[in-house]
Amino acid sequence: MLFEEEASDHAFAVGLYREHLEEAAFLYEQRRDDLLHDPELAWTDLADFEERLEAHLDALVLGDDLALAVGQQQREEGDVGALYALVCVLCRHRRRPLFEELLDTLDGDEAEHVEAVSDALVHELPPAWGRLVAAELAHEMPWRQHVALHVAGHRRLDVGEALQARLHTVPPAVRVPLVWALGRLGREAVRRDLYHTSLRHEDPAVRTATALTLLRLGEPAALQHVLTQDRTLPEALPLVGLAGTPREQPALLDAAARGPVPEAALLALGLLGDPGAIEPLLHHLAQADHAEAAALALHVLTGAPLFEEVFVEDEVDEDELFEDEIAQLARGEPLLRSDGTPYGTTVTRLAQDPDAWRTWWADHAGTFQRGMRYRLGQPCTPTTLVASLRAPTLPGPVRQLIYEEVVIRYNVDAPFDTTYRVAQQHRALTTLHQKADAAESQHRPGRWYFAGHLQAG
């Protein structure tokens, strides 16, 4: 009887930990794949969701060896979310041998598995595991180097000298994360090497990563490279807004009007912050293809609280339709629900109505001064830029660019990323605000700076 009770208790515990693991796995994947990219969600809205994830991780930590065994089984069955949860628990238990064994058996060809391990280490890496990450930088498998670089950059591990030594021998698949990590570690001694080895690289992704890193390291030549060589790259052009002055505004206006990536040019104008761009942005707002990007740029510059509700129809996948529904679409008739309404949802977005924006601008133009630089309607300073990182109305990619801008313009830095958990972002923003506040008196409001130095307008 006692044996049966113990077996029953064991089975119950296994079932309980499997349930916690499945919930944690689901929440991780939903957060990564959907919530981080949902324009309807403010970044702070994820806090309650992440508390649920944290509760399941805590339960798995309390489960110790049995919970780890359940996690290992789920991981071996290919569950990406379970892999993330398992690595988190191994980190919290400081079970380094088990983690190293996991790395040795992981299929590095599965990009989602590599991402899950990388995410977990960024969130949970024990400080004592820094040497383990440093050793992984020289591993023969590129995917393990990729993970190590990702973690080293986010956790600011002291491996800058080792990374610089690898700049000339790094495998092509790892060059982008290597360049990115060097920028995070602030390795100024690498500027010359980066300029000659990577800024003119044949891979556009390498060039963009290099331009960002060089700007973070205070190299002004990277800005001119983007303007002259890579202004057709949608990922590169916004960097002009992070480091430029009003002298670059004509080039951005030209790129918005005639270039192949007008949306990127419009965002760059918003980030640049010169009120002289508002009239051109209003012009682009009236063009349907540019309206969304122009509205975002206007909001980034002015902070105008202009929003609207619009109905967005669901995209139709004909493979999932019945024959009569396909015929209905062929006749140009919309698909309707049983109550006669179309399929879709009502969303709140930044207003794209040119009349609403022109009315607002007519009422508020007097509060903006030409020759000054603005973010969300406030003259730019280190603290106003950091404050804008807290704005719930800005999408994640724009917040990430603003973080880069804080570093590029004012040399104010702390580990931060918009993919961090909300609690981690709050802690990082507190640190950034303290550093920005200390630098505030050294910078004139509304002026253009680069690497902490005042730039001519």
Side-chain angles (χ1 to χ4, degrees), residues 208 211-212 214-216 220 222-227 230-231 233-257 259 261-282 284-285 290 292-304 350 357 368 370-391 393-413 416-418 432 436 443 445-451 455 457:
T208 299
L212 175 58
L214 286 173
L215 291 175
R216 287 177 63 101
L223 176 63
Q224 292 308 311
H225 174 86
V226 172
L227 283 168
D230 281 339
R231 58 191 287 182
L233 297 179
E235 297 82 6
L237 197 53
L239 300 183
V240 179
L242 308 187
T245 70
R247 292 193 302 270
E248 281 71 56
Q249 186 159 285
L252 291 176
L253 290 172
D254 182 69
V261 286
E263 293 82 3
L266 294 173
L267 176 58
L269 286 167
L271 291 166
L272 193 63
D274 185 348
I278 290 182
E279 283 295 340
L281 288 172
L282 291 173
H284 283 278
L285 188 67
H290 300 173
E292 182 177 0
L296 177 58
L298 284 165
H299 180 69
V300 167
L301 199 160
T302 69
L350 286 171
W357 275 100
F368 290 81
R370 291 292 293 266
M372 294 278 282
R373 182 168 180 264
Y374 293 86
R375 174 60 40 76
L376 295 179
Q378 300 296 317
C380 288
T381 69
T383 56
T384 55
L385 285 191
V386 173
S388 69
L389 287 171
R390 299 184 185 274
T393 55
L394 295 180
V398 174
R399 292 179 64 236
Q400 188 65 40
L401 286 170
I402 293 172
Y403 158 67
E404 307 291 355
E405 178 186 23
V406 173
V407 182
I408 291 168
R409 293 210 182 264
Y410 301 115
N411 281 333
V412 171
D413 192 18
F416 175 84
D417 197 271
T418 56
L432 279 170
H443 300 91
R447 302 303 181 184
W448 278 265
Y449 283 83
F450 179 75
Q455 302 295 290

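Using a 4.5 Å heavy-atom threshold, the side chains of Leu401 and Leu267 count as touching. Between Pro262 and His284 the shortest side-chain heavy-atom distance does not fall below 4.5 Å.
Pairs engaging residues 269-280 under the side-chain hydrogen bond (donor to acceptor under 3.5 Å, both in side chains) rule: Glu279-Arg358 [sequence neighbours left out]. Residues in residues 377-386 take part in these side-chain hydrogen bond (donor to acceptor under 3.5 Å, both in side chains) pairs, two or more places apart or across chains: Thr381-Thr383, Thr381-Thr384, Thr381-Glu440, Thr383-Glu440.
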Quiz item: Does the pair Val398 and Val300 meet the rule for a side chain to side chain contact (heavy atoms under 4.5 Å, CB included), with working shown?
Solution: CA-CA 9 Å; Val398 174; Val300 167; 4.0 Å; yes
Quiz item: For Asp254 and Arg231, what are the C-alpha separation, side-chain angles and deciding distance, and is it a side chain to side chain contact (heavy atoms under 4.5 Å, CB included)?
Solution: CA-CA 11 Å; Asp254 182 69; Arg231 58 191 287 182; 3.4 Å; yes
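The aromatic rings of Tyr410 and Tyr449 sit tilted relative to each other, their planes meeting at an angle between 30° and 60°.
Nearest heavy-atom pair across Val240 and Leu223 is CA-CD1, 3.7 Å. Closest heavy-atom contact between Ala211 and Val226: CB-CG2, 3.9 Å.
Shown here are the ring-ring contact (aromatic ring centres under 6.0 Å, His included) partners of Tyr403, two or more places apart in sequence or in another chain: Phe416. In this structure His225 satisfies the ring-ring contact (aromatic ring centres under 6.0 Å, His included) test with no other residue, sequence neighbours excluded. Considering only residues two or more places apart in sequence or on other chains, Ser388 meets the side-chain hydrogen bond (donor to acceptor under 3.5 Å, both in side chains) condition with none of them. The salt bridge (Lys or Arg N to Asp or Glu O under 4.0 Å) search around Asp413 returns Arg156, Arg216, not counting sequence neighbours.
Remark: side-chain polar atoms of Gln400 are paired, donor with acceptor, to backbone N or O of Thr418 under 3.5 angstrom.
Rounding to the nearest 0.5 Å gives a distance of 6.0 Å between CG of Leu272 and CD of Gln249.
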